[in-house]
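Heads up, the thing below is written out as structure tokens.
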Amino acid sequence: MPRVPSFGRFDRLSAVTASRSPQPDAPGEHGFDVEEIFGENTFGVAEMKARLPKNIFRRLMATIETGSELDSSMADAVALAMKQWALERGATHYTHWFQPLTGLTAEKHDSFLTPSDPGRAITEFSGPELIQGEPDASSLPSGGLRTTFEARGYTAWDPTSRAFIIRGKAGATLCIPTAYSSWGGEALDKKIPLLRSLHALEEQARRALRLFGVDAKRVKATLGPEQEYFLVAQEFYYRRPDLISAGRTLFGAKPPKGQEMEDHYFGAIPDRVLEYMQTAEAELYRLGVPVKTRHNEVAPGQFEMAVIYEEANLAADHQQLTMSTLRRIARDFGLVCLLHEKPFAGVNGSGKHLNWSMATEDHNLLEPGDTPHENMQFLFFCTAVLRAVERHQDLLRASAASSPGNDHRLGANEAPPAILSVFLGDQLTDIFEQIADLGSASSSKQGGLLGLGVKVLPDLPKHAGDRNRTSPFAFTGNKFEFRALGSSQSISFPATVLNTIVAESIDEMCGMLETEVTNGDDFPEALRRILAEVVPNIRRIVFNGDGYSEEWRQEAEKRGLLNLPSTLDALSHLVADKNEKLFGRYGVLSKRELQSRFEILLQRYFHTINIEGETSEEMARTMIQPALIRHLHELLDTLHRAGGQGIDAQGIKRIAEEAAGLTDELETTLRELSEQNSDEGGEDLASKAQHMRENVIPAMNAVREVVDRIEKVVPHDLWPIPGYRDMLFLR
């Protein structure tokens, strides 16, 4: 058999020198003025003030800033101003941009064009078109909230999130953030429950503040997500069917060098990647997304972007825009942005830290101050959060189980464990221990100054406690950082859960306080007594040690904490009776809406593993196996020729025997995978998902183990797919 080379092995130069097509919004030779371009592609406050009649502007701002009811009578004026602004920026179409239960975004574009006289047309956009849309969208997941033939769904304008322009190479589109519901009013998206939870949190937090003598006009949840991602050359991506179909590599032998040198983290950003980052940032700045940091992450080819805090609803919209922008801009640089939680085995996976806090118009309610033991308002709200996490570990863990991709990283050496615990640091832990043991706290540990032993270097303020990267839920100065989220998921549902469980905790603690005060106790003494009663019950959730250690797993079990290592383990808790009652009590999700989300996530798990199993089998059968057989044929042909020349080629014979043995192993494991792929595991969705976890995943892993050994022995010019060394290091 003649050698059939795989020319993919010779495309490295092309992969690392791919040219980019210039973008009109890209930074120029001397960069860009951030202040000048920030928000220029958004219909923000400045544009609204300049274009709307004063009375319309005031009424609209009242809705945006105070949450007052939207007055639909002003919609025509807003629509006219919005259309004119969009046309001036080259927009020809508009779309109601919404977040269905796919975890992505959806849009249907409509032209501004309306025929007028014969052969002529005008541009129109009315108030009713702004306020309500009716996309069919019948094929989007609904989890049983409607059947396919019930096609009607509604999109409703969300005035609290700014309309924006998305530019393509040939034009622009006005995107109007909207909510999406069924004909019967059930939430079919991630925005409606988030907005409901924000209302519940605000209502209870303002109630609590009134007890402290503070009449806050607004209390808002704030979010600041951090996005990790990988970049690979487009050339390599299209030669990997697993990356295309599954978003991760199903095969790949560990390269001689991975991340063990720890030289990529915070290292100099490669030129091509830096230019990509700058271009993506410029686009995001124009969309009003406050990008703050960028850096190399731990794994080769891995990077991170983080933004400044914003109101939760706007932050959730901006996070979706960030993910889509990172993906879209990468193609202009011959790159592909991978948002899967574990695209490469054996190296760091990608997560999405969600920084969460709550604030009035002028004060962060989780700001401890210099003497947190004296800051009773902070202690109240911080205790409410701790109490919420302790009571709803299951729900928080389930909120991070949006796809099986997260199963590959939770509990690994770069991600928090699947056991929910809270890191507080030395200072706050000491204060809460004082409250638990003594009934009140009388002191706060201070950090002091850190001298570096060199006169020219300044003395640095030393924090009262270190950080802990192994904690899934950590207090980090004036916020909590929920670190268990996967890199590909929307932040809306985890934020919805956080808002709701904290609203419940504040509600119940307020009730306890109000009862004490009604019975004649003064407020400070009542508060001290309530904290002394509540804090001991939440001690078990606080852990400042190594969350990766086996000792912690054993300790967590003694404390009665949940350990839910897989998506299926976590999802089963989503529809627990206590969680149905919780969401129902605060009007966030009805029982039917919650059940729909459970079914959608279960279905996504099944389909994801099913796709991976089928792709694994196909690649191994049609790409790996033929390469191995060609290699074996060459070895046997060489042996035959050597025998004809009287050469005793024992080394080649041993190599051929190894290849023959691998051929048998691969065929055996492939037969098992094929059988498991053919058997979908039953009629109902739960049993199908269980089959994927219990049978298909182990069968896939067995095939992978053999394939990764095969990659180590087959010649490079016969190997049909790019390897880890290429994808991780060639950018």
Side-chain angles (χ1 to χ4, degrees), residues 8 11-28 31-32 37 41 90 93 95 97 102-107 109 164-173 175 227-249 269-287 289 291 294 296-297 299-305 318-341 343-344 350 352 405 487-488 490 615 721-722 726-731:
D11 289 327
R12 296 188 184 97
L13 184 61
S14 171
V16 298
T17 59
S19 61
R20 60 175 289 267
S21 55
Q23 293 292 298
D25 279 356
F32 50 83
I37 70 170
N41 283 341
H93 290 67
T95 181
W97 182 85
T102 58
L104 303 173
T105 58
E107 53 198 60
H109 296 196
F164 55 91
I165 296 283
I166 289 293
R167 297 188 181 279
K169 291 182 173 64
T173 303
C175 299
Q227 178 69 61
E228 295 175 344
Y229 59 95
F230 278 85
L231 292 173
V232 298
Q234 194 168 247
E235 176 76 35
F236 298 148
Y237 175 83
Y238 284 119
R239 294 182 182 276
R240 294 282 313 211
D242 46 3
L243 283 180
I244 295 172
S245 298
R248 74 179 181 101
T249 55
I269 301 172
D271 289 346
R272 182 185 185 186
V273 174
L274 182 58
E275 188 181 0
Y276 155 72
M277 288 178 167
Q278 291 167 332
T279 303
E281 286 170 356
E283 172 78 359
L284 291 169
Y285 287 144
R286 289 182 166 92
L287 292 170
V289 181
V291 179
R294 62 181 180 225
N296 288 0
E297 252 300 332
Q302 187 185 32
F303 308 92
E304 181 177 304
M305 170 185 286
H318 280 170
Q319 171 58 199
Q320 295 298 116
L321 278 175
T322 297
M323 289 193 290
S324 63
T325 300
L326 287 172
R327 287 191 182 107
R328 178 165 51 86
I329 299 297
R331 302 301 179 115
D332 296 327
F333 292 84
L335 299 167
V336 174
C337 176
L338 302 177
L339 296 179
H340 193 282
E341 287 72 22
F344 302 101
S350 294
K352 182 179 296 180
S487 54
S488 66
S490 163
T615 303
I721 55 178
D726 295 335
M727 292 185 289
L728 290 172
F729 290 98
L730 299 184
R731 289 179 299 281

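Computed from a predicted model, the values in this text were never measured in an experiment.
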Nearest 0.5 Å, please: how far is CG in L284 from OG1 in T279? 11.0 Å
Taking all non-hydrogen atoms of both residues, which atom of S245 and which atom of T615 are closest, and how far apart? CB-OG1, 3.6 Å
Going from CG on L326 to CE on M305, what distance comes out if it is rounded to the nearest 0.5 angstrom? 5.0 Å
Run the side-chain contact (heavy atoms from CB on, under 4.5 Å) check on L321 and W97 step by step: do they pass? CA-CA 11 Å; L321 278 175; W97 182 85; 4.1 Å; yes
Provide the closest heavy-atom pair for N296 versus I269 in the form atom of the first, atom of the second, distance. OD1-CG1, 3.5 Å
With S488, which of Q227, H340, E341 fulfils side chain to side chain contact (heavy atoms under 4.5 Å, CB included)? E341
Taking only residues two or more places apart in sequence, or in another chain, which ones meet T249 in a side-chain contact (heavy atoms from CB on, under 4.5 Å)? R240, D242, L243, F344, R704, Y724, M727
Heavy-atom nearest pair, C175 first then I166, reads SG-CG1, 3.9 Å
Students often mix this up, so state it plainly: with edges at 30° and 60°, are the rings of H109 and H93 parallel, tilted or perpendicular? tilted
Can you spot which of P343, P300, S487 makes a side chain to side chain contact (heavy atoms under 4.5 Å, CB included) with F230? P343
Would you give the length of the straight line joining atom CZ of R248 to atom OG of S350, rounded to the nearest 0.5 angstrom? 13.5 Å
Work out which heavy atom in I165 is nearest to a heavy atom in A172; give both atom names and the distance. CG2-CB, 3.7 Å
Run the numbers on K169 and D332 for side-chain contact (heavy atoms from CB on, under 4.5 Å), then give the verdict. CA-CA 11 Å; K169 291 182 173 64; D332 296 327; 3.2 Å; yes
So R331 and Y237, side-chain contact (heavy atoms from CB on, under 4.5 Å) or not? Walk me through it. CA-CA 11 Å; R331 302 301 179 115; Y237 175 83; 4.3 Å; yes
Once you round to the nearest 0.5 Å, how far does CD of Q320 lie from OG1 of T325? 11.0 Å
So OH of Y276 and CZ of R294: to nearest 0.5 Å the spacing works out to 12.0 Å
Which atom of E281 lies closest to which atom of V291, heavy atoms considered: CG-CG1, 4.0 Å
Indicate the atoms forming the closest heavy-atom contact of F333 with R272, along with that distance. O-NH2, 2.7 Å
Sequence neighbours excluded, the answer for side-chain hydrogen bond (donor to acceptor under 3.5 Å, both in side chains) partners of Q319 is K352
Gap between atom CG of L338 and atom CD of E228 - 0.5 Å precision: 13.5 Å
